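One structure is given here, and the rest of the page talks about it.
Here the structure is a predicted model, which means the values were calculated and not measured. Below, each value reflects all heavy atoms present in this structure, side chains not excepted, and no hydrogens, waters or symmetry copies. Numbers restart at 1 for each chain; the letters A, B, ... are given by sequence-line order, proteins then strands.
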Amino acid sequence: MFRPLLTLHKNTPIFEIERHYDRIIQSCNTFPFLTQIHSLLTTTGIINQSVHLVARIIIKYSDFLHLQTARFLFDATHHQSSSFLSNTMLRAYANSGFCSDALNFYSLIRKTGVLPNNFTFPFTLKSCATNSVPMYGKLIHSEIIRTGFGSDVYVEAALVDMYAGCGLIEDGRQVFDKMSKRDLVCWTAMITAYEQAERAETALLLLHEMQREGFSMDWVTTVTVASAVGQLGDARNGRAVHGYAIRNVFLHELPVVNSVLAMYAKCGEVEIAETIFDLAKQRNIITWNSMLTCYTQNGLASEALALFEQMKVFGVNPNEVTALILVSACSYLGSRKHAAKIHDVIVQNKIDINITLRNAIMDMYAKCADLDTALGMFKEVPVNCLDVSSWNTLIAGYGMHGYGKEALKLFNQMKDENFQPNHITFTSVLSACSHSGLVNEGKKCFAEMEIFSVTKEPKHFACMVDMYGRAGLLNEAYEVIKDMKSQANDEVWGALLLACKIHGNTNLAEVAADNIFHLEPQHTGYYVLMSNIYADSRNWQEVGNLRRDMKNKGLRKPAAVSLIEVNNELHGFRTGEQLDTFTRNIYHKVEQMVVELKMEGYVPDLSCVFHDVEDEDKQGMLNYHGEKLALAFGLMNVDADLPIFINKNLRVCSDCHSVFKLISGVYRRKITVRDVNRFHHFENGMCSCSDYW
DNA sequence: ATAGGGTTAG
């Protein structure tokens, strides 16, 4: 409890009384305690003598997010016309995120004739920035000029930040350029503006300009610069920033640790990120989320989920960002068990499921082959609470499972509900049509893009090429590319290349490959595809040439991983894994499987083996493809009446595809395989993709 | 007796 009033003498000067209560208010840590002090000061009449104490209490109320109580106090005082107290009220609103209240309050005090000063504007501008209300911001800007505060550095920095927050960087830049004297904060504000607008190069150019002017980065600047470098994904530059942070002892600041960690994550330097995480003296939720993101973005979703377990051990509660990261990790893994668990975590921790998170969860279920749950979540939401992404998610979900008709139905329903389809909607619809062989419907949708004034991007053309390719209409596919007004990218040519592989057209394939290798000389997948096409036509010389080409460029086929969940545990299989007793059993099972299938008419597709070896070895290598190992493991361990679900990070090879089809017939098993592009549902010797993928 | 630039997710 605080010292009773009695100990203060009746004649104590007001400044001492102020100092006394000032300390008490500052150290006050509960809301009821604060109201007690408040009423004490009211009954003793002290509050009417001290604007200072009123301000203190207002700020303290806002710390407890009791803005209404703060406002009552403001309205009840006799000092309403003081600029200082109005600024305090404004600050209370602005700093606790009540931005519209702040702006309303600003209008009010302007109307009642309180004079704004150089302190008033930064608070107001901050509210405009976080609220992103450019109209209002510009209005305030003109008032700043009119009232003569246009060349105060604080006000100018706040203006730059306000314009940036409203997405009007150029207006911010104009303010910045006109400044007569710039300090480090202004420079940082401008650099941050570019960084936030994803213009990292410009941000770094401005940084160099700043350094030429003789300023060096402080820790706040370092945070922004690390973000910019992360955007560019340049690991060498990243190490330079990290080094700078170490030399200047900035790593004591948690935001610096977090931004450097996130930077390495974006540069693909998982191990350095891990070291930084391990060595961090303190961690907050952002540190944990950044590390989770690092794993998820670098294809290490299992590590992310394992780290989340750690996080629980440390007693750190997940927030809505954590939820999004975990959901996306699980989408990648395609694990139903984790999907249910993560959904549960979200509910248990009372994380607000806003529409963005809800869409992500629906996407997760779709990618875990659980469309029903996704659809159920969709239907739970009133139509006016959905957004375009909700529709897109479900349309894409149907599409990747090969339910083209349902995807189209949703698309139509979406239009009936007056939602404006965007570029992603059309990508989803077109790819749904293509996955289901709905050529005419696809053509119609493609034409519809103009009606909704959605610009046709390469990815949309790629869908069209894919659609014609699937139908065997290679000329039409080629025409689509020729008709493109913009230049075709590797994605578009890649779709044509795939069509050529499936329909065995080596000549057109060479045209496509030629273009691709010019556009994307580093992309391994296309070399593999083209080399398979040559192998199909028994052109071993060209196969050899391509392989040498790849070797010279230092390209390697990325490691294929197949995941399968058995008894609530996730197992990963890589092609040709080392033999131990565990895998030896599985290899044995595969061989046994192959023998049985051969009796059913299975002929191994040796062209699927990339290596230039004897056919007998090829057969061996084929057998040890990760998805076959996973399947064998599944057959051995999953109950006969349950479906088998395998998730692969690359395309399924055509030999594995035939094996899966045969197994589904001979062993009467339902098998679902998710590859990079889509789902394959195998049943009764057939696949939902109709052998085109 | 008050102020401006800051990190994760999409």
### Task
Specify whether A/Y365 and A/H343 have parallel, tilted or perpendicular ring planes, treating 30° as the upper limit for parallel and 60° as the lower limit for perpendicular.
tilted
### Query
Should the ring pair A/F176 and A/W187 be called parallel, tilted or perpendicular, given that the plane angle runs from 0 to 90° and is split at 30 and 60?
perpendicular
Determine all donor-acceptor pairs shorter than 3.5 Å in which one atom belongs to a side chain in residues 143-158 of chain A; sequence neighbours excluded.
{"unit_1": "A/E143", "atom_1": "OE1", "unit_2": "A/Y106", "atom_2": "OH", "d": "2.5"}
{"unit_1": "A/E143", "atom_1": "OE1", "unit_2": "A/R110", "atom_2": "NE", "d": "2.8"}
{"unit_1": "A/T147", "atom_1": "OG1", "unit_2": "A/E143", "atom_2": "O", "d": "2.5"}
{"unit_1": "A/T147", "atom_1": "OG1", "unit_2": "A/I144", "atom_2": "O", "d": "3.2"}
{"unit_1": "A/D152", "atom_1": "OD1", "unit_2": "A/Y154", "atom_2": "N", "d": "2.8"}
{"unit_1": "A/D152", "atom_1": "OD1", "unit_2": "A/V155", "atom_2": "N", "d": "3.3"}

### Query
Ignoring hydrogens and angles, does a donor from either the side chain of A/T221 or the base of B/dG5 sit under 3.5 Å from an acceptor on the other?
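Counting by modelled atom types and ignoring angles, a donor-acceptor contact under 3.5 Å is found here.
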### Message
Would you say the base of B/dA3 stacks on A/F119 (centre-to-centre below 5.5 Å, plane angle below 30°)?
### Response
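It does not: the two rings, one from A/F119 and one from B/dA3, miss the stacking criterion.
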Using atom [atom1] of [X] as one end and atom [atom2] of [N] as the other, report the distance to the nearest whole Å.
X: A/L254; N: B/dT7; atom1: CG; atom2: P; result: 13 Å
X: A/F121; N: B/dT2; atom1: CZ; atom2: P; result: 19 Å
X: A/L85; N: B/dA3; atom1: CG; atom2: P; result: 14 Å
X: A/Y106; N: B/dT2; atom1: OH; atom2: C1'; result: 16 Å
X: A/I276; N: B/dT7; atom1: CD1; atom2: P; result: 17 Å
X: A/H79; N: B/dT2; atom1: NE2; atom2: C1'; result: 16 Å
X: A/L184; N: B/dG4; atom1: CG; atom2: P; result: 15 Å
X: A/F277; N: B/dT7; atom1: CZ; atom2: P; result: 20 Å

Looking for any heavy atom pair under 4.0 Å, which part of the strands does [X] touch: base, sugar-phosphate only, or nothing?
X: A/D218; result: base
X: A/D161; result: sugar-phosphate
X: A/V256; result: nothing
X: A/V223; result: sugar-phosphate
X: A/W288; result: nothing
X: A/N359; result: nothing

### Query
Is there a side-chain polar atom (N or O) of A/R56 under 4.0 Å from OP1 or OP2 of B/dA1?
no
### Query
Does anything in residues 91-105 of chain A pair up under side chain to side chain donor-acceptor pair (under 3.5 Å), and if so which pairs, sequence neighbours excluded?
A/R71-A/Y93
### Query
B/dA3, B/dA1, B/dG5: which one has an atom nearest the side-chain heavy atoms of A/H52?
B/dA1
### Message
Side chain of A/P122 only, heavy atoms from C-beta on: which candidate in B/dG4, B/dT2, B/dG5 is closest?
### Response
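The answer is B/dG4.
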For residues 200-215 of chain A, which side-chain donor-acceptor pairs fall under 3.5 Å, sequence neighbours excluded?
{"unit_1": "A/H208", "atom_1": "ND1", "unit_2": "A/L204", "atom_2": "O", "d": "3.3"}

### Message
Ring of A/Y21, cation from A/R56 - is the NZ or CZ under 6.0 Å from the centre and inside 45° of the axis?
### Response
no
Output a table of nitrogen or oxygen pairs between the protein and nucleotides 8-10 of chain B separated by less than 3.5 Å.
{"unit_1": "B/dT8", "atom_1": "O2", "unit_2": "A/N289", "atom_2": "ND2", "d": "2.8"}

### Query
With sequence neighbours left out, which residue pairs that include part of residues 302-324 of chain A fulfil the salt bridge (charged side-chain N to carboxylate O under 4.0 Å, His left out) condition?
A/E309-A/K312, A/E309-A/K341
Donor-acceptor contacts under 3.5 Å from residues 346-354 of chain A side chains, at least two apart:
{"unit_1": "A/N349", "atom_1": "ND2", "unit_2": "A/V345", "atom_2": "O", "d": "2.9"}
{"unit_1": "A/N354", "atom_1": "OD1", "unit_2": "A/T356", "atom_2": "N", "d": "3.3"}
{"unit_1": "A/N354", "atom_1": "OD1", "unit_2": "A/L357", "atom_2": "N", "d": "2.8"}

